[in-house]
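Fair warning: this is a prediction, and the values are worked out from it, not measured in the lab. We use all heavy atoms of the structure for the numbers below, so side chains are in, but hydrogens, waters and symmetry mates are not.
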Amino acid sequence: MWRATIFTLFPSMFPGPLGVSLAGDALARNIFEINTYDIRAQGLGRHRAVDDTPAGGGPGMVIRADVLAAALDAGLAAADRRPRLMLSPRGPALTQARARALAAGEGVVLICGRFEGVDERVIEARNLEEISIGDYVLSGGEIAAMVVLDACVRLLPGVMGKEASGFEESFESGLLEYPQFTRPREWEGREIPPVLLSGDHARIKAWREAEALRVTRERRPDLIADVGKPR
Ligand code: SAH
């Protein structure tokens, strides 16, 4: 079973949206599991404090290195070889290729920051790899962790109805996906492109490839430059 362990100050947020639909079914079928570890369990003193003011001054609070390290040490076996990803806007952005690599492994450890982030020393000392979900700032790592998990879980064997459907999508080929249509054949005067109703699989494939290229050129020309390069 693919295992996710989440270090968070808000364990009740999980599985959250991962408890329904595709991911929820996979969870119920034990294709993967989510365990949470409440960082506050290692908090200090009567108030179980986990954060303190930033050294050097400035706004907000920083999660303490000793508290987060104690949580990681208590919550993970020494032999645990899963990647330890710290959600952070400073990390390289998650890609489809990374999601696929993570899904192919035994699971992932996700560490969710809050406030202004975490003390730099614990990132180094516990070998945490920073990963971002995009160039904007969230209030905490939990939703970002769900994004990473959702991207991975749908790629696990047996999760998607048709095994192949993961491979034809946006980014898998380096291109965005071609337009999709379904019944009715005509809607508000708009027709489904006739080639898709022709039954000619070679022509359909060619049309889809051309459309994927057109859409990508229009919307994400930066991706075209990367087609064929290892990602
Ligand atoms: N002061 C920090 C931002 C802290 S936001 C900075 O400027 O870099 C609080 C927490 O939300 C972070 O510790 C991180 O865990 C999470 N977070 C915010 N934006 C994120 C993003 N784009 N990707 C992944 N995690 C993010």
Side-chain angles (χ1 to χ4, degrees), residues 2 4 14-29 31-32 34 85 87 89 91-105 108 110 131-138 141-231:
W2 197 86
F14 294 89
L18 299 172
V20 301
S21 192
L22 208 67
D25 291 343
L27 206 49
R29 287 188 288 134
I31 291 177
F32 76 107
I34 296 178
L85 305 184
L87 286 310
L94 177 69
T95 60
Q96 188 63 17
R98 187 74 206 276
R100 194 167 279 290
L102 289 171
V108 69
L110 295 165
I131 189 167
S132 167
I133 64 158
D135 289 344
Y136 37 78
V137 180
L138 306 170
E142 288 77 11
I143 293 175
M146 288 173 198
V147 168
V148 173
L149 283 181
D150 190 72
C152 292
V153 160
R154 58 195 295 285
L155 299 173
L156 296 175
V159 173
M160 271 187 289
K162 197 166 148 262
E163 210 61 56
S165 62
F167 288 94
E168 278 196 17
E169 287 173 324
S170 291
F171 306 115
E172 289 291 354
S173 61
L175 298 176
L176 301 178
E177 196 180 58
Y178 48 79
Q180 299 274 17
F181 301 88
T182 186
R183 280 180 274 272
R185 187 184 182 124
E186 195 223 294
W187 174 76
E188 292 193 351
R190 295 161 190 265
E191 303 267 358
I192 292 177
V195 55
L196 297 178
L197 308 172
S198 69
D200 182 338
H201 296 298
R203 271 184 64 216
I204 292 171
K205 187 163 175 284
W207 181 87
R208 285 178 166 169
E209 284 170 4
E211 283 293 289
L213 206 54
R214 178 186 65 77
V215 171
T216 309
R217 260 200 204 105
E218 281 172 16
R219 300 182 190 184
R220 292 291 304 277
D222 58 302
L223 293 177
I224 302 273
D226 292 340
V227 171
K229 288 195 196 146
R231 279 169 300 134

Trace of the side-chain contact (heavy atoms from CB on, under 4.5 Å) decision for Phe32 with Cys152: CA-CA 10 Å; Phe32 76 107; Cys152 292; over 6 Å; no
Before you tell me yes or no, could you show the steps for Phe171 and Arg220 under side-chain contact (heavy atoms from CB on, under 4.5 Å), namely the whole-Å CA-CA distance, both residues' side-chain angles and the distance that decides it to 0.1 Å? CA-CA 11 Å; Phe171 306 115; Arg220 292 291 304 277; 4.3 Å; yes
The test is side-chain contact (heavy atoms from CB on, under 4.5 Å); show your working for Leu85 and Leu102 and say whether it passes. CA-CA 11 Å; Leu85 305 184; Leu102 289 171; 3.8 Å; yes
Decide side-chain contact (heavy atoms from CB on, under 4.5 Å) for Leu196 and Gln180; before the verdict, give the C-alpha distance in whole Å, the side-chain angles of both, and the deciding distance to 0.1 Å. CA-CA 10 Å; Leu196 297 178; Gln180 299 274 17; over 6 Å; no
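In this structure, Leu18 and Met146 approach most closely via the heavy-atom pair CD2-O, 4.1 Å. Closest approach of Ala4 and Leu149 over heavy atoms only: CB-CD2, 3.6 Å. Across all their heavy atoms, Asp150 and Ala23 have their closest contact at OD1-CB, 4.4 Å. Leu22 approaches Met160 most closely through the heavy-atom pair CD2-CG, 3.9 Å. Taking every heavy atom of both residues into account, Trp2 and Gly105 meet most closely at CD1-O, 3.2 Å.
Atom CG of residue Leu87 and atom CG of residue Leu138 lie 8.5 Å apart, to the nearest 0.5 angstrom. For the atom pair Leu176 CG and Glu169 CD, the distance stands at 12.0 Å (nearest 0.5 Å). Rounding to the nearest 0.5 Å places CD1 of Ile31 at 7.0 Å from CG of Leu156. Rounded to the nearest 0.5 Å, atoms CD1 (Ile192) and CZ (Arg183) are 8.0 Å apart. Here Ile224 contributes atom CD1 and Arg217 contributes atom CZ; the two are 5.5 Å apart, rounded to the nearest 0.5 Å. Residue Leu213 holds its CG atom at 16.0 Å from CZ of Arg208, rounded to the nearest 0.5 Å.
A salt bridge between Arg100 and Glu172 is present, with a side-chain N of the basic residue lying under 4.0 Å from a carboxylate O of the acidic one. The existence of a salt bridge linking Glu186 and Arg190 is excluded, since no basic side-chain nitrogen approaches an acidic carboxylate oxygen closer than 4.0 Å. A salt bridge between Arg214 and Glu211 is present, with a side-chain N of the basic residue lying under 4.0 Å from a carboxylate O of the acidic one.
Residues Ile204 and Ser198 form a side-chain contact, since some pair of their non-hydrogen atoms from C-beta on lies under 4.5 Å apart. No side-chain heavy atom of Val195 sits less than 4.5 Å from a side-chain heavy atom of Asp200.
Atom CG of Leu27 has more than 12 heavy atoms from other residues, nucleotides or ligands within 6.0 Å. In the displayed structure, Asp222 atom CG is contacted under 6.0 Å by more than 12 heavy atoms of other residues, nucleotides or ligands. Within 6.0 Å of atom CZ in Arg29, more than 12 heavy atoms from other residues, nucleotides or ligands are found, so the atom counts as buried in its surroundings.
Not one N or O on the side chain of Ser132 forms a donor-acceptor pair closer than 3.5 Å with the backbone of Pro92. With hydrogens and angles ignored, the 3.5 Å screen pairs no side-chain donor or acceptor of Trp207 with any backbone N or O of Pro193. In this structure a side-chain-to-backbone donor-acceptor pair under 3.5 Å is missing from Thr216 to Leu175.
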